[in-house]
Peer 1: 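Here it is, the structure in full.
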Amino acid sequence: MQTTSGKTGEAGRGSAAPELRLLPSVARVLECSAFRRLAGRWGASLCTEILREEIARLREQVLAGHLRGGSLRRSVAGPSLARRVDGVIAALSAPAPRVVINATGIVVHTNLGRSVLSDAAARRVAEAATSYLDLEYDLNRGRRGSRLDHLEPLMARLFPGSSFVVVNNNAAAIMLTLRALARRKEVIVSRGELVEIGGSFRVPDILAASGARLKEVGTTNRTRLADYEGALSSKSGVLLKVHTSNFRVVGFTGDVSVGRLSQLARDRSIPLVVDWGSGDLVDLGPLGIHDELPVRRLLDDGADIVTFSGDKLLGGPQAGFVVGTPHLIARLRRDPLARVCRVDRLLIGALRETLASYVRGTAFDDVPTLSMLRLSARAIGRRAGRVRSAVAARTSAGSRLSVIDGVSKSGGGSSPLGERATRLLAVSADGDDAGPLERALRQGDPPVVARVHEGRLLLDLRTVLESQEAVLIERLVEVLGGARSASRGITRTGS
Ligand SMILES: *Cc1c(COP(=O)(O)O)cnc(C)c1O
């Protein structure tokens, strides 16, 4: 227990010693009425623990000479300590990650959680979380089943003749594939495809971790079929083709198509594995996204295995799919790593609902990632106009708001050049510095994430859920409503 006796060697600390006597003992603070209320709310043991840390922190500040006199006296008063402890515990108990408004227009925004689930998928998650399920139980036969059986009938329709495994993300899907098919063997990859996707996913690292050996072929900008041919030997385990999701080499370039690689792979009896990253199941050409090939077409072109993410263009929860030739997939399912990275019960239900939308042909209506991508610039412009009028009606900032042309990106390592035309709500700022506005929106409640370009704040309504539109208006009114509310938003940052 802390005591504040000034005679126990604190004198050696010099001028701070008399101030240290002002620090209360934990026991004394616990007796004050503010603290008793706090203990009733959060529990005595956590309150005591945090209080002890708070007093120790004050002590450090006193010793460092940062806290003395009147401000020290105010800090050590019972009610003031109770407020601090309450704040610390409230922060520990606050929900996180927080719900944010994504006004960036980047549909699959990895830092903001990638895809928003469909209503049906979200309902299944809630249901599955609070009940027992026939997750691995065959109700007809009364014995053990497989959790992947719940996805089987849908996957069979989406990928006829193929088999599949689902694990917790695409990185795991690739690692499992290479481990099961090429451990202690060589994996042949083009130098142009040894990419880093972000979030510390690097092809060479995953490959090494799987126990396979990297055999690089070709050059950064050009790789020919003959390069692959020359690298094949008795040590080869897999031919790997990687979708270079987030960058593009332009100019004098060349790579080998899946069709031609598959011919070579077949002739030499070696599996062709394609890491297709974004995992689109439908043709996105009509949306102006031309360089994404639906997974099924890659299989038709002769890929033995395709891996992809569940939460990118597919629009489901985080997951990694491996789809391909049944006898190869059987080897993956038997690998202990499949158990290590199996999907949890909440995901199975959400994945099933998402896949069902594709099977029924309603994915563009049900799956938010696809419906957001489909939104036309005109429709987005109408929404931006609505927000603009609502904010203009309640503030004097109307003349600072305009609706302008722009582009939205699909994000999530898909289509670096594939951008969709959009309409943006632009907010001009004092002195062409939109930084403070951007910060105030980001640091308020709920946070709004937008971008700044050439001194203006730009909001893309493509990624703002319709249910969030009213709250977005409130936040804009708060931030643009006048100097007072804007600066309130900014000072909140410090706390
Ligand atoms: C996104 C991506 C990955 C990583 O997928 P996760 O689901 O995030 O693990 C791997 N490869 C490619 C080509 C990607 O685009």
Peer 1: Just to verify, which of Asp275, Asp304, Asp255 counts as forming a salt bridge (Lys or Arg N to Asp or Glu O under 4.0 Å) with Lys241?
Peer 2: Asp255
Peer 1: Does a side-chain heavy-atom distance below 4.5 Å link Val238 with Lys185?
Peer 2: no
Peer 1: Thr325 side chain to His327 main-chain N or O, any donor-acceptor pair under 3.5 Å?
Peer 2: no
Peer 1: For the CG atom of Asn169 and the CZ atom of Arg114, what is their distance to the nearest 0.5 Å?
Peer 2: 8.0 Å
Peer 1: With a 4.5 Å limit on heavy-atom distance, are the side chains of His150 and Asp134 in contact?
Peer 2: yes
Peer 1: Check for a donor-acceptor pair, side chain of Glu193 on one end and backbone N or O of Thr244 on the other, with a separation under 3.5 Å.
Peer 2: no
Peer 1: What is the minimum heavy-atom distance between Phe308 and Phe159, and which atoms define it?
Peer 2: CZ-CZ, 4.1 Å
Peer 1: In terms of side-chain heavy atoms, does Arg462 have a donor or acceptor partner in Ser408 at a distance below 3.5 Å?
Peer 2: yes
Peer 1: Would you name the heavy atoms of Ser190 and Thr219 that are closest together and state the gap between them?
Peer 2: OG-O, 4.3 Å
Peer 1: Donor-acceptor pair, distance only, cut-off 3.5 Å: does the side chain of Arg420 make one with the backbone of Arg374?
Peer 2: yes
Peer 1: For side chain to side chain contact (heavy atoms under 4.5 Å, CB included), just list the numbers for Val323 and Met155, CA-CA rounded to whole Å, side-chain angles, deciding distance to a tenth of an Å, and then say yes or no.
Peer 2: CA-CA 9 Å; Val323 180; Met155 291 297 282; 3.7 Å; yes
Peer 1: Please report the interatomic distance CG(Leu472) to CG(Leu441), rounded to the nearest 0.5 Å.
Peer 2: 8.0 Å
Peer 1: Keeping the roles fixed (side chain from Ser131, backbone from Ala128), state whether a donor-acceptor pair exists under 3.5 Å.
Peer 2: no
Peer 1: Yes or no on side chain to side chain contact (heavy atoms under 4.5 Å, CB included) for Glu469 and Arg386, after CA distance, side-chain angles and deciding distance?
Peer 2: CA-CA 9 Å; Glu469 211 169 285; Arg386 271 206 308 272; 3.2 Å; yes
Peer 1: Is the shortest side-chain heavy-atom distance between Val282 and Asp280 below 4.5 Å?
Peer 2: no
Peer 1: Within the side chain of Arg475, is there an N or O that forms a donor-acceptor pair under 3.5 Å with the backbone of Ala440?
Peer 2: yes
Peer 1: Output the distance between atom CD1 (Ile380) and atom CG (Leu425), rounded to the nearest 0.5 Å.
Peer 2: 12.5 Å
Peer 1: Contact between Leu264 and Val256 at the side-chain level, heavy atoms closer than 4.5 Å - yes or no?
Peer 2: no
Peer 1: How long is the gap from CG on Asp365 to CZ on Arg360, to the nearest 0.5 Å?
Peer 2: 10.5 Å
Peer 1: Is any side-chain heavy atom of Glu229 closer than 4.5 Å to a side-chain heavy atom of Arg224?
Peer 2: no
Peer 1: How far apart are the closest heavy atoms of Gly324 and Leu299, and which atoms are they?
Peer 2: CA-CD2, 4.2 Å
Peer 1: Of all heavy-atom pairs between Lys312 and Ser278, which one has the smallest distance, and what is that distance?
Peer 2: CB-O, 3.7 Å
Peer 1: For a salt bridge (charged side-chain N to carboxylate O under 4.0 Å, His left out) check, start with the C-alpha distance between Glu136 and Arg345, then their side-chain angles and the critical distance, and finish with the verdict.
Peer 2: CA-CA 10 Å; Glu136 291 186 346; Arg345 50 191 247 151; over 6 Å; no
Peer 1: Where the side chain of Arg383 meets the backbone of Leu461, is there a donor-acceptor pair that is under 3.5 Å apart?
Peer 2: yes
Peer 1: Under the salt bridge (charged side-chain N to carboxylate O under 4.0 Å, His left out) rule, what do Glu127 and Arg123 come out as? Steps first, then yes or no, please.
Peer 2: CA-CA 6 Å; Glu127 242 170 38; Arg123 273 198 304 275; over 6 Å; no
Peer 1: With no hydrogens and no angle check, just 3.5 Å: does a side-chain donor-acceptor pair link Thr362 and Asp366?
Peer 2: yes
Peer 1: Do you know the tightest heavy-atom contact between Ser236 and Ala231?
Peer 2: OG-O, 3.9 Å
Peer 1: Checking Ser376 side chain against Ala379 main chain: does a donor-acceptor pair fall under 3.5 Å?
Peer 2: yes
Peer 1: For the CZ atom on Arg378, are there more than 12 heavy atoms of other groups (residues, nucleotides or ligands in this structure) within a distance under 6.0 Å?
Peer 2: no
Peer 1: Could you check whether any side-chain N or O of Thr463 sits under 3.5 Å from a backbone N or O of Asn102, counting only pairs where one atom can act as donor and the other as acceptor?
Peer 2: yes
Peer 1: So, does Ser210 use its side chain to make a donor-acceptor pair with the main chain of Met175 at under 3.5 Å?
Peer 2: no
Peer 1: Minimum heavy-atom separation for Leu424 and Gly406, please, with both atom names.
Peer 2: CD1-CA, 3.8 Å
Peer 1: Between Val189 and Glu216, is any pair of side-chain heavy atoms under 4.5 Å apart?
Peer 2: no
Peer 1: Establish, from distance only, whether the side-chain atoms of Ser115 and Asp311 form a donor-acceptor pair under 3.5 Å.
Peer 2: no
Peer 1: Just how far is it from atom CD1 of Ile174 to atom CH2 of Trp276, taken to the nearest 0.5 Å?
Peer 2: 12.5 Å
Peer 1: Can you check side chain to side chain contact (heavy atoms under 4.5 Å, CB included) on Leu465 and Ile101, steps first, answer last?
Peer 2: CA-CA 8 Å; Leu465 310 180; Ile101 296 179; over 6 Å; no
Peer 1: A side-chain contact here means heavy atoms from C-beta on lying under 4.5 Å apart; do Leu176 and Arg333 qualify?
Peer 2: no
Peer 1: Is any side-chain heavy atom of Tyr358 closer than 4.5 Å to a side-chain heavy atom of Arg157?
Peer 2: no
Peer 1: Which is it for Leu332 and Val322 under the side chain to side chain contact (heavy atoms under 4.5 Å, CB included) test, yes or no, and what are the steps along the way?
Peer 2: CA-CA 9 Å; Leu332 268 63; Val322 189; 3.5 Å; yes
Peer 1: Check the pair Asp138, Arg144 against salt bridge (charged side-chain N to carboxylate O under 4.0 Å, His left out), reporting the backbone distance first and the verdict last.
Peer 2: CA-CA 6 Å; Asp138 183 331; Arg144 194 175 197 287; over 6 Å; no
Peer 1: Measuring from Arg147:CZ to Leu135:CG, what's the distance to the nearest 0.5 Å?
Peer 2: 4.5 Å
Peer 1: Please confirm whether the backbone N or O of Leu401 pairs with a side-chain atom of Arg388, one donor and one acceptor, at under 3.5 Å?
Peer 2: yes
